[in-house]
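Please read the structure below before turning to the comments.
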Amino acid sequence: MSRRFVAGETLDEAIAAARKCNELGMLVSLDYLGENVATTTDAQRARDAYLEIFDRIAKEKLSANVSCKLTQLGLDLSPEFCEGLVFTVVERAAGYDNFLRVDMEGSAYTQRTVELVKQVRARNAAVGTVIQAYLYRSESDIRDLLGHSCRVRLCKGAYKESADVAFEKKSDVDGNYVRLMQLLLPSGIYHAIATHDPHMIGETIRWAAAKQISKGDFEFQMLYGIRTDLQRRLVSDGYRVRIYIPYGRDWFPYFMRRLAERPANIGFLLRNFLRR
Ligand code: FDA
């Protein structure tokens, strides 16, 4: 079942999936799966994998950028070491006029991620990050990042968080999502609205139209394998849509997050398992 959400274990499989998306008029962000590495060697291997992805994107002339996680690039080991690796990857991205998106992980990493991205961005602008609408702190993080002209991907948030730091009710998360979208879109910076929720998408479309923010001034983003109907509809309505395509052998934590955010997926998994 992980195949529904993950393009495969190799870069070749991810490239093939990216090409299909491009042919359908969609942009792509490739993610080499992995997180919380335990050694500097593993972090350096991840850096090398990201350098190779940018080279392949350029060689294959794909409309794609790249997403990564800081704990895959050694954030748990040393923020300075991690920043060095990220900077090398961002320089490679910039060399191709491309872009690196730093995903946001659990709230224990939020402050360090925002700080590291700001530091790297001050030296090279080809990097942006992600803000999660379920965290109370997100409005202040967005104001901070906007002050540094940083591109933001807005999502709801995928990690298990406590009520001390995050809204628990879906209606509160959704309300905050809409407020944050309204902060981002008029900033004049190119941001990403990442959600499969038709209500969030509808609010974005209505609000952007009312404020005369054009379709090319932002993009929608969705995950590989989720709501492909909606992805295609937005493209045919003239919106920019980017598909986040994860690949790699370390797919398990990503897959578990996709199962956890939708109980129906677990039922599907169990039914398939029992049938065997
Ligand atoms: P919501 O959960 O309300 O779902 C709306 C609808 O989408 C559902 O009714 C269903 O139809 C469909 N859907 C959603 N999830 C599904 C699933 N797993 N399986 C099947 N259908 C599903 N999070 C994070 O913490 N850090 C990050 O860096 C990122 N990055 C990121 C990039 C991109 C491009 C996207 C789209 C999302 C992320 N996320 C993320 C994940 C995000 O935080 C969130 O967990 C998921 O997008 C689900 O939330 P929705 O906004 O889709 O709404």
Side-chain angles (χ1 to χ4, degrees), residues 1-7 18 21 26-35 64-72 75 99-110 113-114 117 127-135 137-138 141 145 151-161 165-178 180-181 191-204 218-231 233-234 239-246 251 253-269:
M1 190 183 163
S2 62
R3 272 286 184 170
R4 177 183 161 194
F5 302 113
V6 175
C21 287
M26 298 172 196
L27 308 160
V28 164
S29 193
L30 289 175
D31 168 47
Y32 172 56
L33 290 163
E35 43 204 272
N65 65 27
V66 175
S67 295
C68 71
K69 289 188 173 47
L70 292 187
T71 65
Q72 182 186 24
L75 185 62
F99 178 77
L100 179 72
R101 176 80 61 181
V102 174
D103 285 349
M104 189 57 80
E105 302 178 66
S107 60
Y109 297 107
T110 311
T113 302
V114 169
V117 168
V127 65
T129 190
V130 179
I131 291 294
Q132 300 151 323
Y134 64 11
L135 293 186
R137 58 175 287 164
S138 288
D141 284 333
L145 289 164
R151 286 168 58 177
V152 172
R153 171 201 293 153
L154 179 64
C155 68
K156 289 193 186 179
Y159 295 81
K160 180 104 195 86
E161 300 290 357
V165 296
F167 297 106
E168 290 194 308
K169 288 200 333 230
K170 176 176 162 53
S171 56
D172 291 336
V173 177
D174 289 357
N176 201 36
Y177 193 100
V178 172
L180 299 179
M181 173 274 288
H191 299 298
I193 303 301
T195 179
H196 319 88
D197 186 337
H199 299 296
M200 300 301 105
I201 292 170
E203 287 290 332
T204 305
F218 66 97
E219 65 185 36
F220 287 109
Q221 294 188 351
M222 294 193 211
L223 300 177
Y224 179 77
I226 298 183
R227 292 301 309 258
T228 47
D229 56 331
L230 201 48
Q231 297 171 8
R233 199 178 329 140
L234 286 169
Y239 289 96
R240 294 167 65 87
V241 176
R242 188 179 300 275
I243 308 302
Y244 181 104
I245 301 184
W251 49 264
Y254 178 87
F255 177 56
M256 292 310 285
R257 284 194 290 278
R258 299 293 78 80
L259 288 186
E261 70 199 357
R262 195 143 189 265
N265 289 344
I266 297 175
F268 182 75
L269 179 75

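Just follow the structure's listing: the first ligand is 1, and inside any ligand the first atom is 1.
Of all the heavy atoms of Met222, the ones lying under 4.0 Å from any atom of ligand 1 belong exclusively to the backbone. Both the backbone and the side chain of Thr195 come within 4.0 Å of ligand 1, counting heavy atoms alone. The backbone and the side chain of Leu223 each have at least one atom closer than 4.0 Å to an atom of ligand 1 (non-hydrogen atoms only). In Lys170, the part holding a heavy atom less than 4.0 Å from any atom of ligand 1 is the side chain.
Looking only at protein heavy atoms, the nearest one to atom 6 (C) of ligand 1 is His196 O, 3.8 Å. The nearest heavy-atom contact from the protein to atom 27 (C) of ligand 1 is Met104 O, 3.6 Å. Annotation: atom 43 (O) of ligand 1 to nearest protein heavy atom, Gly157 N, 2.6 Å.
If you look at Tyr239 and Phe220, their ring centroids are closer than 6.0 Å.
With respect to Glu219 and Arg242, a salt bridge is recorded, a charged nitrogen being found less than 4.0 Å from a carboxylate O. Between Glu35 and Arg257 there is a salt bridge, since at least one side-chain N of the basic residue sits less than 4.0 Å from a carboxylate O of the acidic one. The residues Asp103 and Arg101 are annotated as not salt-bridged, no charged nitrogen and carboxylate oxygen being separated by less than 4.0 angstrom. Between Arg227 and Asp197 there is no salt bridge, since no side-chain nitrogen of the basic residue lies less than 4.0 Å from a carboxylate oxygen of the acidic one.
Atom-to-atom distance recorded for Met181:CE and Phe218:CZ is 8.5 Å, nearest 0.5 angstrom. The structure places CG of Leu30 at 10.0 Å from OH of Tyr244, a figure rounded to the nearest 0.5 Å.
Which of Arg227, Arg242, Glu261 comes nearest to atom 44 (C) of ligand 1 through a heavy atom is settled by distance: it is Glu261. Nearest-heavy-atom check against atom 8 (C) of ligand 1 across Lys156, Arg153, Gln132, Arg262 picks out Arg262.
Those atoms of ligand 1 with a heavy atom of Arg4 less than 4.0 angstrom away are 20 (C). Listed by atom number, the atoms of ligand 1 under 4.0 Å from Asp103 heavy atoms are 28 (O). Which parts of ligand 1 touch Arg258 is read off a 4.0 Å heavy-atom cut-off, strictly below it: atoms 17 (C), 18 (N), 41 (C), 45 (O).
The backbone N or O of Ile243 sits nowhere less than 3.5 Å from a side-chain atom of Gln231 that would complete a donor-acceptor pair.
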